[in-house]
A.B. asks: 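Below are the structure tokens for one structure; questions will follow.
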Amino acid sequence: MTDPIMDLVETAIIPDVFISGMADMENLGDGNFRCIFYSRQRAIYERGKFEHVIVCRLVMSAGAAHAMLKQIAHAVERGSDNADSIGFPGGALQ
């Protein structure tokens with residue numbers, strides 16, 4: 001939110017990934033962190049049970065992690081479910 005408005009380029013199709021939660025955050029040193037995200041789903045081989053499948057790992061700098069936390073907090077505070085609520089300058093990503 002303090003960053004200047006930037007042009008974003010998507011040179012390949014980047015899929016959306018649904019997550020149910022974050023399993024772990026590792027400090028990799030040198031100011032970098034790895035976040036492991038999972039999705040809760042019905043177990044494939046055990047009827048009636050659920051499992052937590054890792055769907056995404058993000059490695060980011062401490063600065064990026066801090067900025068992301070601020071944007072998430074801002075979106076939750078606004079309580080809106082539309083794309084404009086994610087706090088990007090100039091509105092939602094197109």
A.B. asks: Sequence neighbours left out, cut at 3.5 Å: what donor-acceptor pairs do the side chains of residues 48-58 make with other protein atoms?
C.D. replies:
unit_1 : atom_1 : unit_2 : atom_2 : d
Glu51  : OE2    : Gln41  : NE2    : 3.2

A.B. asks: Report yes or no: do Met60 and Ile36 belong to one cluster of Ile/Leu/Val/Met/Phe/Trp/Tyr joined by side chain heavy-atom distances under 4.5 Å?
C.D. replies: no
A.B. asks: Side-chain donor-acceptor pairs under 3.5 Å in residues 12-29, sequence neighbours left out?
C.D. replies:
unit_1 : atom_1 : unit_2 : atom_2 : d
Ser20  : OG     : Arg40  : N      : 2.9
Glu26  : OE2    : Arg34  : NH1    : 3.2
Asn27  : OD1    : Gly29  : N      : 2.9

